[in-house]
2 protein chains.
Amino acid sequence: MGRSRDTRERIVRTSARLLLSRSYGSVSVDDVCAAADVRKGSFYHFFPAKADLAKAVVDLHTDALLERLAAASGDTAAQRLHGVADAVGGIQAGFESTFGRVVGCPFGNLAAELSTVDDTLRDHLASAFARWERGFAVICHQAAHEGVLREGVDPDRLAHSLLAHTQGRILLAKVGGHSATDVAATLHDLIDVHLREGAV
Amino acid sequence: MGRSRDTRERIVRTSARLLLSRSYGSVSVDDVCAAADVRKGSFYHFFPAKADLAKAVVDLHTDALLERLAAASGDTAAQRLHGVADAVGGIQAGFESTFGRVVGCPFGNLAAELSTVDDTLRDHLASAFARWERGFAVICHQAAHEGVLREGVDPDRLAHSLLAHTQGRILLAKVGGHSATDVAATLHDLIDVHLREGAV
DNA sequence: GGCTCTCTTGACCGAACGGTCAACTGGCGC
DNA sequence: GCGCCAGTTGACCGTTCGGTCAAGAGAGCC
């Protein structure tokens, strides 16, 4: 039936959902196939192995994330910085409303579970994180040029710090049952403490 | 042969090592038994299910962590704050020298992988994190009373922020191949930015 | 010496796992 | 109208998974 051209995409989107609601290890290829209404042979027509599915899911989330980060606007760098915090909060709020609770960061979850298990996936995740961090860094450098960063705050280190905080805070929300708005709030706090007094 | 009384401990310690070097899903009960030189029947004599092993490993790490945090001394709260950053860095450095790279936080790894999969384990991890955070909070409150915290910095929020940062930074080091000393350095930066100028 | 109780052993189980394959099917280019 | 090929199907494979169990063996107590 060499038909529907959306099979691969359906597999990836379904997997993204299943991986968020559970974990890589607890989601089987059979689970994915059943949820996507695809037979296993078709699955292995598109993906050489289960690990390649994880990579495709990472790519899906990377596209969505970068698009959303780029949409963070504002007249000042400080506003844009808070804008990315809102973007992260918005993504998490979306997951929260879909799954009924904070289910973690798609990148962070896979990174924690698999970066000591699968080297090529770890590389894949590392470059996804790098792109994310670079997005942060651009705004941090703008903030530095606008002179709103506190004395001694290095923009690159701040970008890294923001990413670390994002990951950690989402993980704590996942295990502690906190809400996505809490995540965003903590992120805003962290940004504020790095800005000069009165800077917005 | 109702003999050796250290079997259970040997299982837990071996599992702790295996779980750090890989992941919960990729370590089988058979793997653990082989590495600990224990037959599977013995394993299931001590643990009702594989998940209970994870709990025991969490307890092992919790004891080690709290002991190490309590050892963080110093005349001022600021020094003790930097002391806990060193403690975290020291633990990670230990793992790094054992496994040849940063392998993540034992709590964070399990939390990311399993807190959407196993509710009782998630609770277990949540209370471990809570105890950890309380350890941070005690020192943060001391810092507040000593007046070394920047204006507007809430000690409880700072403790939470420190924990989030710790988790996120370790995860980034794991996936990015950074060293444990980098982790500690970022933590020191975060502490410094929350302290008044000149406070040590 | 024998009883008891904890611990140990190795064989065993059904289910689920990731992955393979030969056969088939429909749409598209010629 | 026909050949080609990406896509589809369902049966199938060997392995590994978490977990069970009946039988035994040593230490401690009386």
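The closest donor-acceptor contact from the side chain of A/Arg10 to the backbone of A/Ala36 lies under 3.5 Å. Put simply, the side chain of A/Glu146 gets close to the backbone of A/Ala77: a donor and an acceptor are under 3.5 Å apart. Using a distance-only test at 3.5 Å, with no hydrogens or angles considered, a donor-acceptor pair links the side chain of A/Tyr24 to the main chain of A/Ala51.
The nearest whole Å value for the distance from the NZ atom in A/Lys50 to the P atom in D/dC17 is 13 Å. Across the protein-nucleic acid pair, B/Phe46 atom CZ and C/dT9 atom C1' stand 13 Å apart, rounded to whole Å. Between B/Asp31 atom CG and D/dG18 atom C1' there is a gap of 12 Å when expressed in whole angstrom units. Atom CD1 in B/Ile11 sits roughly 11 Å away from atom C1' in C/dT8 (whole-Å rounding). In this structure, A/Asp52 places its CG atom 13 Å from C1' of C/dG19, rounding to the nearest Å.
Taking only side-chain atoms of B/Ser28, from C-beta outward, the nucleotide of D/dG18, D/dG7, C/dG18 with the closest atom is D/dG18. Checking C/dC7, D/dC17, C/dG18 against the side-chain heavy atoms of B/Asp30 singles out D/dC17 as nearest.
Between B/His141 and B/His145, the ring planes are tilted. Angles from 30° to 60° get that label. Ring geometry, B/His82 versus B/His188: the interplanar angle falls under 30°, so the pair is classed parallel (tilted spans 30 to 60°). Note: B/Phe43 and B/Phe47 have tilted aromatic rings, judged against thresholds of 30 and 60 degrees for the angle between ring planes.
DNA chain C is contacted by B/Arg39, B/Gly41, B/Ser42, B/His45 of residues 35-45 of chain B, taking any non-hydrogen atom closer than 4.0 Å. Of the residues in residues 14-25 of chain B, none has a non-hydrogen atom less than 4.0 angstrom from any atom of DNA chain D.
Of the side-chain N and O atoms in B/Thr7, one or more sit less than 4.0 angstrom from OP1 or OP2 of C/dT8.
By the 6.0 Å and 45° rule, B/Lys50 does not stack over the aromatic ring of B/Tyr44.
Between B/Phe136 and B/Thr166 the shortest side-chain heavy-atom distance falls below 4.5 Å.
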Starting from the C-alpha separation in whole Å, work towards a yes-or-no answer on side chain to side chain donor-acceptor pair (under 3.5 Å) for B/Ser28 and B/Asp31. CA-CA 5 Å; B/Ser28 70; B/Asp31 289 338; 3.2 Å; yes
